[in-house]
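The first residue of the sequence shown is numbered 1, and numbering continues consecutively from there. The shown structure was predicted, so the numbers you read here are calculated from the model rather than taken from an experiment.
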Amino acid sequence: MTETRDDLTTQQIISLLTEELHDLDPVERKAKTVELLAVFGRAKAASLAPEERPESPETPPGPLLICDWAEDLGLDGSTQQLGIEVAPGPTKVSKTAAATGHSLVSSGHVGADILHVPAGSGFAPHTHPGDHLLFVLAGSGTISVAGEIVPTRPGQVYMVEGAVTHAVGAVTDHMILAVGAPHRRLDSPDRQELTAYAALLGDLGEITCRICDIRGSSGEELAAKGCTHSPHRFGG
């Protein structure tokens, strides 16, 4: 084991950590790296004033992360019933006008959050690091990508590559379980990067709403034709 001292420089610490990780097998190296990233994140948060600290997951870091995200309402015949509160969360999602949520679990690499999106609001066209699985828990919504605005409903799960511009909307009050890797805090400015609306258009430079069956070359054109689902309204 490498000896440590209290007066090491940052570069010396990095070199020591690199040496220690190099000697581990790949599985253990990955696990230790995740632990270190989690420790660094907690240390950074602890250095902030209490009112500036980001929301913490409901469960503390450890070998097992487990929490409740829905109420168990029992079985109705052979159908499992779950109770999900449709209500805003305590943390505003960065770069959105009205989306909120709360963090469930996070290893520092992969994590899950519950999101609430009010009716008529949403996530403007954006990309983000890594990929997200989005499980629709309550309310009807939309996912806009590659020239289409597609309806979503409870019981569905969908994924769009993080590097592909997309937008998420709420037709009614909308609850989503989002699982992402790498995981970013809800209030982190790098959770998503806003992009131009034009990046949503298809190969022919148009976008079609599959709910209204209306086509246009911009969000404004869709709205002028009577479509109420275009994500150009969402802002950030």
Side-chain angles (χ1 to χ4, degrees), residues 84 86 88-89 91-101 112-236:
I84 299 166
V86 180
T91 304
K92 184 179 182 297
V93 181
S94 179
K95 299 180 182 177
T96 68
T100 59
D113 309 294
I114 294 285
L115 304 175
H116 173 265
V117 189
S121 185
F123 290 74
H126 66 280
T127 59
H128 49 68
D131 299 322
H132 290 170
L133 283 170
L134 298 179
F135 296 82
V136 183
L137 306 180
S140 58
T142 60
I143 173 67
S144 302
V145 63
E148 292 190 313
I149 301 172
V150 178
T152 61
R153 54 172 174 73
Q156 290 183 322
V157 58
Y158 61 90
M159 181 178 71
V160 178
E161 292 182 23
V164 176
T165 294
H166 56 285
V168 177
V171 178
T172 64
D173 274 16
H174 204 35
M175 299 295 293
I176 298 171
L177 171 61
V179 179
H183 185 245
R184 297 289 189 269
R185 300 189 323 268
L186 293 174
D187 57 359
S188 173
D190 63 351
R191 185 177 174 97
Q192 60 175 326
E193 187 66 34
L194 299 183
T195 61
Y197 187 91
L200 286 178
L201 303 180
D203 293 338
L204 300 178
E206 293 183 322
I207 186 167
T208 300
C209 178
R210 296 303 178 189
I211 303 172
C212 303
D213 195 25
I214 293 175
R215 178 181 300 174
S217 59
S218 68
E220 291 78 10
E221 183 178 350
L222 287 181
K225 292 180 177 180
C227 175
T228 60
H229 306 108
S230 172
H232 77 284
R233 305 168 293 121
F234 297 157

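Checked against a 6.0 Å centroid threshold, the rings of His126 and His166 count as neighbours.
Looking at His174, its side chain does come within 3.5 Å of a backbone N or O of Gly139 through a donor-acceptor pair. With hydrogens and angles ignored, the 3.5 Å screen pairs a side-chain donor or acceptor of Thr172 with a backbone N or O of Ser140. In this structure, Thr96 contributes its side chain and Val93 its backbone to a donor-acceptor pair below 3.5 Å. With hydrogens and angles disregarded, no donor-acceptor distance shorter than 3.5 Å links the side chain of Lys95 to the backbone of Glu193. Looking only at distances, no side-chain donor or acceptor of Arg210 sits under 3.5 Å from a matching main-chain atom of Val150. Not a single donor-acceptor pair under 3.5 Å links the side chain of Arg233 to the backbone N or O of Gly219.
Looking at Ile149 and Leu222, their side chains come closer than 4.5 Å, going by heavy atoms from C-beta outward. In this structure, Val117 and Val168 have side chains that are not in contact, with every pair of non-hydrogen atoms separated by 4.5 Å or more. Looking at Cys212 and His229, their side chains come closer than 4.5 Å, going by heavy atoms from C-beta outward.
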Only pairs under 3.5 Å count here: list side-chain donor-acceptor contacts from residues 156-165, not counting sequence neighbours, and write none if there are none.
residue, atom, partner, partner atom, Å
Gln156, OE1, Arg153, N, 2.9
Thr165, OG1, Thr195, OG1, 3.4

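Atom-to-atom distance recorded for Arg215:CZ and Glu148:CD is 9.5 Å, nearest 0.5 angstrom.
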